[in-house]
Amino acid sequence: MTTGRTSAAPRPTAGALRLVEAAITRPTSVDVRGYARQMTAHCPYLAPSLQRGLTTWTVYRADGDADAVQAELFHAGVQAAEWLRPLLNRLHGLLRCENIVLLGDVPGARHRDLLAWPHWVLKHLYGPVGVMFGKFYAGEEEVTAAGHRIPAAPASFLPVRAAVRRRDPRFLSATPDLAAALAAADDDGRDVFENIPTDWKDIRTWARRLLPPAMPSPSSPDTPASPPRSGS
């Protein structure tokens with residue numbers, strides 16, 4: 001597991017996220033009940049997960065600048081993934097989902113900007129071991145590839161769950177190498193940080209190499225300095 005190694009790395013950004021609620025099925029700081037019920041129509045695994053209390057929410061409030069909040073969202077994602085990894089092969093492991101919720105405002109940065117890099121890095125680190133990361137933004141209604149509308153999320157969050165190898169690769173059309181790795185994912189207990197740095201700024205530099213060659217224009221919602229929007 002990588003949790004010990006990453007937690008041992010210097011973290012001058014610690015404190016940029018304030019924990020509000022931890023791994024709770026019914027958070028009180030944000031009302032997710034109606035949203036979760038609506039989302040069962042789009043995810044066949046969500047209803048049984050909710051029924052068994054296996055969908056949890058960890059809520060944070062931003063309390064730092066944009067770079068520091070991004071770094072702490074990344075660390076929160078690592079913590080969630082490493083917690084999930086040993087559970088995914090147990091009974092009902094495929095129904096487990098931990099959601100990392102972001103509340104609060106950061107001057108000069110949208111939640112879209114704050115979640116983009118952590119999501120990009122985390123899905124590349126953990127896709128090959130069968131852990132899937134998504135991202136949803138508060139108040140933004142999504143549309144699936146089939147044209148179905150997905151309800152607007154009540155808060156911005158990163159869902160962390162077991163990859164569904166026969167379904168999830170289609171969500172990664174913008175990153176075919178990652179889609180292939182996810183389809184063949186096997187968690188052999190590896191340290192996902194074995195060949196990359198542990199400092200957030202160095203990790204982000206490493207992750208830039210994974211960006212597709214065709215970048216969005218500066219006028220698009222995601223600038224060339226950010227990961228592409230597709231493949232969430």
Side-chain angles (χ1 to χ4, degrees), residues 1-6 9 42-46 49 54 70-71 73-90 92-100 115-136 142 144-146 150 157-216 222 224-232:
M1 292 178 61
T2 67
T3 306
R5 184 175 175 208
T6 54
H42 302 277
C43 177
Y45 300 93
L46 182 55
S49 176
L54 298 178
Q70 280 189 336
L73 282 170
F74 167 74
H75 281 286
V78 170
Q79 186 178 36
E82 293 298 337
W83 173 74
L84 277 175
R85 286 177 71 180
L87 301 177
L88 296 184
N89 290 324
R90 298 183 185 177
H92 305 311
L94 295 180
L95 299 179
R96 289 189 176 273
C97 179
E98 164 72 350
N99 298 289
I100 302 168
L115 267 60
W117 271 116
H119 170 260
W120 178 257
V121 177
L122 289 163
K123 71 178 184 179
H124 279 86
L125 282 178
Y126 285 99
V129 295
V131 178
M132 182 76 171
F133 279 83
K135 63 181 185 299
F136 295 91
E142 302 277 349
T144 69
I150 298 177
F157 69 99
L158 297 172
V160 192
R161 58 171 174 80
V164 182
R165 292 164 180 78
R166 67 181 183 277
R167 292 168 52 94
D168 286 340
R170 68 185 182 184
F171 298 126
L172 302 172
S173 58
T175 52
D177 289 345
L178 178 58
L182 190 72
D186 178 35
D187 193 350
D188 53 9
R190 77 189 71 169
D191 177 356
V192 298
F193 288 89
E194 184 177 2
N195 298 309
I196 70 169
T198 55
D199 178 77
W200 169 242
K201 289 185 178 180
D202 293 335
I203 290 170
R204 194 166 59 178
T205 298
W206 166 83
R208 287 183 187 278
R209 298 179 301 156
L210 304 173
L211 291 172
M215 298 301 298
D222 290 310
S226 300
R229 184 176 178 180
S230 60
S232 61

Using a cut-off of 6.0 Å, state whether more than 12 heavy atoms not belonging to N89 lie near its atom CG.
no
Locate the shortest heavy-atom distance separating [X] from [Y]; write the atom from each residue and the value.
| X | Y | result |
| --- | --- | --- |
| G127 | L182 | O-CD1, 3.3 Å |
| K135 | P159 | N-CD, 3.8 Å |
| A80 | I100 | CB-CD1, 4.1 Å |
| R190 | R85 | O-NH2, 2.9 Å |
| V131 | V160 | CG1-CG1, 3.7 Å |
| P86 | R90 | O-NE, 3.4 Å |

Got a second to check how far [X]'s [atom1] is from [Y]'s [atom2], nearest 0.5 Å?
| X | Y | atom1 | atom2 | answer |
| --- | --- | --- | --- | --- |
| I203 | W120 | CD1 | CH2 | 15.5 Å |
| L94 | L87 | CG | CG | 11.5 Å |
| H124 | R209 | NE2 | CZ | 11.0 Å |
| Q79 | W83 | CD | CH2 | 10.5 Å |
| Y45 | R161 | OH | CZ | 9.0 Å |

Taking C-beta and beyond as the side chain, do F136 and N99 meet within less than 4.5 Å on heavy atoms?
no
Can you confirm whether W200 sits close enough to W117 that some side-chain heavy atom of one is under 4.5 Å from a side-chain heavy atom of the other?
yes
The residue among L125, L115, L122, V121 that forms side chain to side chain contact (heavy atoms under 4.5 Å, CB included) with F133 is L122
Any carboxylate oxygen within less than 4.0 angstrom of a Lys/Arg side-chain nitrogen, looking at K201 and D199?
no
Kindly determine whether Y126 and V192 satisfy side chain to side chain contact (heavy atoms under 4.5 Å, CB included), including the steps that lead there.
CA-CA 7 Å; Y126 285 99; V192 298; 3.7 Å; yes
